[in-house]
Amino acid sequence: MTIGKNAAHGVLAPDEVRQIIAHAAAQIGVTGKRVLIIIPDGTRTMPMPLMFQLLQAEMGTRAAACDYLVALGTHPRMNEAQLSRLIGRPVVEGVCGQAHVFNHRWDLPATFADLGTIPASEVETASGGLLSDPIRVKINKMLFDYDQVLICGPVYPHEVVGFSGGNKYLFPGVSTGEMINQTHWLGALLGSYNLIGTGCTPVRELIDRAAEQVKVPVACFALVLADGGIAGLHFGTAREAWKASVDLSSQKHIEWVDRPFRRVLSVLPTMYEDIWTGAKGMYKVEPAMAAGGEVVLYAPHITEFSYTHGAFLDKIGYHCRDYFLKQWSRFADMPKSAIAHSTHLKGQGEYDATTGNEVPRIKVTLATGIPEERCGRMNLGYLDPATIRPEDWQGREAEGIKLIPRAGETLYRLKVPAANQEGSGPKPGS
């Protein structure tokens, strides 16, 4: 049974959040059990200090163990200073009070338990024939050292799975690079423009199918964040809690606009430390861009494309999907997740294999700490961040100019897609 609450106005009070957690603890019977809570890393907005405090009070005091695993996917490991900021209390040698706090060691093969495969026939059906290889399902074997697994994370529009959260914290959150390659590549084939902010996607179907092979009990706290707090909190199975939160996230995190933007300045918060994570500032405005428009990612603090995948991105650059598909032999040995990220940031476009001419639908420009020469080599535009004053972009929507002061979480879509835009995406309320 799913339990939870949406705030009637504003956000839930801490005591309302505590009551939901207490009810959840009673529902699953945590007393005497070993509980593992899977949480987001620092690249997600999340009131983790409050949740850690309340989870420890309502579950940690009753459980035989109440530990935490950071769902890194393939993001860099968090050091203890970062972990301390994440949960709001000092983490020393991986311990905070009675709780252990673990990084997901996706980089070590010994981390994983092999759960079998999703057969090729099921992959082909779910992907509409776009993928036909079986998917090996592996997950952090730490989960099987516990009696109960809890997912605790926010729900936002997402470029690959439609909306983040739920079983995504298992796959690829605490899974392998292979799972990330498969799911993100399928997202690239289907097109972020069409997937983002939709409640049911083929990628989500494959993730839920993989989660069925995890036999330890799994439940989920799914949060919707808005107005500086928790606008909604739902608990239940990973799928049902996620669904309940998607309904609210679609109201809180999607802004429908009347006219397409011509230029956008996406100001990236410091929680995005590289373009791999900060590219959300492009994904979430692309559906509202006019053809020929420009998205400027403004982040003077970012100096790298990816701390994990940078070597591969240096080899392939940033291009539209067809650039890769029409000359696949050149890129077949590259990680598909890196290619997917490349296409997501570059956005829609066309590529003529005969002439070698690539025509992107919109221009993507970096105003970051990455030098102009390197941006050009990666097939991206460049602006000197020192020349940008965000206030100069403010209040100019009538001119088709938009300032997004904290980009990466709110999705922008057109109420009626422009005739010259490719892909229609969902209509309001769909």
Side-chain angles (χ1 to χ4, degrees), residues 40-46 71-78 82 85-86 154 156-161 164 172 180 184 187-188 192-193 196-197 225 253 261 263-289 294-314 316-319 337-347 360 362-372 374-386 388 390 393 402-412:
D41 66 6
T43 65
R44 303 292 188 270
T45 298
M46 175 70 178
L72 291 173
T74 58
H75 293 173
R77 294 196 302 276
M78 300 185 73
Q82 293 169 324
R85 287 195 297 270
L86 179 69
Y156 287 104
H158 189 273
E159 63 275 6
V160 172
V161 294
S164 64
I180 293 174
H184 282 62
S192 168
Y193 184 106
I196 193 166
L225 307 175
H253 301 144
F261 303 132
R263 294 191 81 203
V264 169
L265 184 69
S266 287
V267 181
L268 301 180
T270 55
M271 69 178 180
Y272 301 132
E273 296 182 346
D274 57 12
I275 296 299
W276 184 272
T277 53
K280 293 180 185 295
M282 154 55 181
Y283 309 154
K284 293 189 176 175
V285 74
E286 182 189 9
M289 293 300 299
E294 179 185 26
V295 177
V296 179
L297 299 183
Y298 177 65
H301 65 280
I302 290 180
T303 59
E304 288 293 338
F305 288 99
S306 171
Y307 288 104
T308 301
H309 309 278
F312 296 113
L313 293 171
D314 281 338
I316 65 175
Y318 286 89
H319 300 278
S337 58
I339 299 175
H341 164 76
S342 170
T343 68
H344 288 152
L345 179 63
K346 193 67 175 179
I362 64 174
K363 182 180 181 181
V364 179
T365 298
L366 302 190
T368 67
I370 300 173
E372 181 176 9
R374 194 174 178 203
C375 289
R377 183 157 35 91
M378 299 293 275
N379 198 33
L380 296 170
Y382 171 84
L383 277 176
D384 182 349
I388 291 178
W393 296 63
K402 175 71 173 178
L403 169 68
I404 304 176
R406 182 182 171 85
E409 293 176 342
T410 298
L411 169 64
Y412 295 84

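Predicted, not measured: the structure shown is a model, and the values here were computed from it. Residue numbers count from 1 along this sequence.
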With sequence neighbours excluded, tell me which residues meet side chain to side chain contact (heavy atoms under 4.5 Å, CB included) with A71. I38, Y169, V174

Under the side chain to side chain contact (heavy atoms under 4.5 Å, CB included) criterion, do R77 and L72 qualify, and how do the steps go? CA-CA 7 Å; R77 294 196 302 276; L72 291 173; 4.2 Å; yes

Do H253 side-chain atoms and G197 backbone N/O form a donor-acceptor pair below 3.5 Å? no

Just wondering, do M282 and I362 contact through their side chains at under 4.5 Å, heavy atoms? yes

Could you pull out the closest heavy-atom pair between L225 and P154, with the gap in Å? CD1-CB, 4.0 Å

Determine whether Y307 and H75 satisfy the following criterion, ring pair (Phe, Tyr, Trp, His ring centres under 6.0 Å), listing intermediate values before the conclusion. CA-CA 8 Å; Y307 288 104; H75 293 173; over 10 Å; no

A quick test of your reading: do over 12 heavy atoms of other residues, nucleotides or ligands sit less than 6.0 Å from OH of Y272? yes

Stepwise, does the side chain to side chain contact (heavy atoms under 4.5 Å, CB included) test hold for I404 with Y412? CA-CA 10 Å; I404 304 176; Y412 295 84; 3.5 Å; yes

So does Y318 get a backbone contact from the side chain of N379, meaning a donor-acceptor N/O pair under 3.5 Å? yes

Beyond-backbone contact of T368 with P385, side-chain heavy atoms, under 4.5 angstrom: no

Test item: I275 and I370 side chains (from C-beta on) under 4.5 Å apart, heavy atoms: yes

What is the minimum heavy-atom distance between H301 and L268, and which atoms define it? CE1-O, 3.4 Å

Taking side chain as C-beta onward, heavy atoms only, is R44 less than 4.5 Å from Y156? no

Spatial distance of atom NE2 (H319) from atom OG1 (T343) [nearest 0.5 Å]: 11.0 Å

Scan I196, V160, I339 and name whichever one has a side-chain contact (heavy atoms from CB on, under 4.5 Å) with H344. V160

Test side chain to side chain donor-acceptor pair (under 3.5 Å) on H309 and T74; report intermediate values, then the result. CA-CA 9 Å; H309 309 278; T74 58; 2.9 Å; yes

Could you tell me which non-hydrogen atom of L313 sits nearest to which non-hydrogen atom of A338, and how far apart they are? CD2-O, 3.7 Å

Taking all heavy atoms of G281 and all of A407, pick out the closest pair and write down the distance. CA-CB, 4.0 Å

Is the closest side-chain heavy-atom distance between R374 and L380 below 4.5 Å? no

Between K346 and P360, is there a donor-acceptor pair closer than 3.5 Å when you use the side chain of the first and the backbone of the second? no

Sub-4.5 Å side-chain heavy-atom contact between F305 and L366: yes

In short, K363 meets G381 closest at the heavy-atom pair CE-CA, 4.3 Å

Stepwise side chain to side chain donor-acceptor pair (under 3.5 Å) check, R406 with T45: CA-CA 11 Å; R406 182 182 171 85; T45 298; 2.8 Å; yes

Report yes if some heavy atom in the side chain of E286 is under 4.5 Å from a heavy atom in the side chain of V295; otherwise report no. no

Side-chain contact test, heavy atoms from C-beta onward, threshold under 4.5 Å: evaluate it for W393 versus V296 and give yes or no. yes

Separation of S192 OG from H158 NE2 (nearest 0.5 Å): 9.0 Å

I would like to know whether L383 and I388 meet side chain to side chain contact (heavy atoms under 4.5 Å, CB included); could you show each step before the answer? CA-CA 8 Å; L383 277 176; I388 291 178; 4.2 Å; yes

Between L403 and P390, the two heavy atoms sitting closest are CD2-O, 3.6 Å

Do the side chains of E409 and K280 get close enough for a salt bridge, i.e. N-O under 4.0 angstrom? no

Keeping S342 on the side-chain end and G317 on the backbone end, is there a donor-acceptor pair under 3.5 Å? yes

Show your reasoning for whether side chain to side chain contact (heavy atoms under 4.5 Å, CB included) applies to M46 and L86. CA-CA 9 Å; M46 175 70 178; L86 179 69; 5.8 Å; no

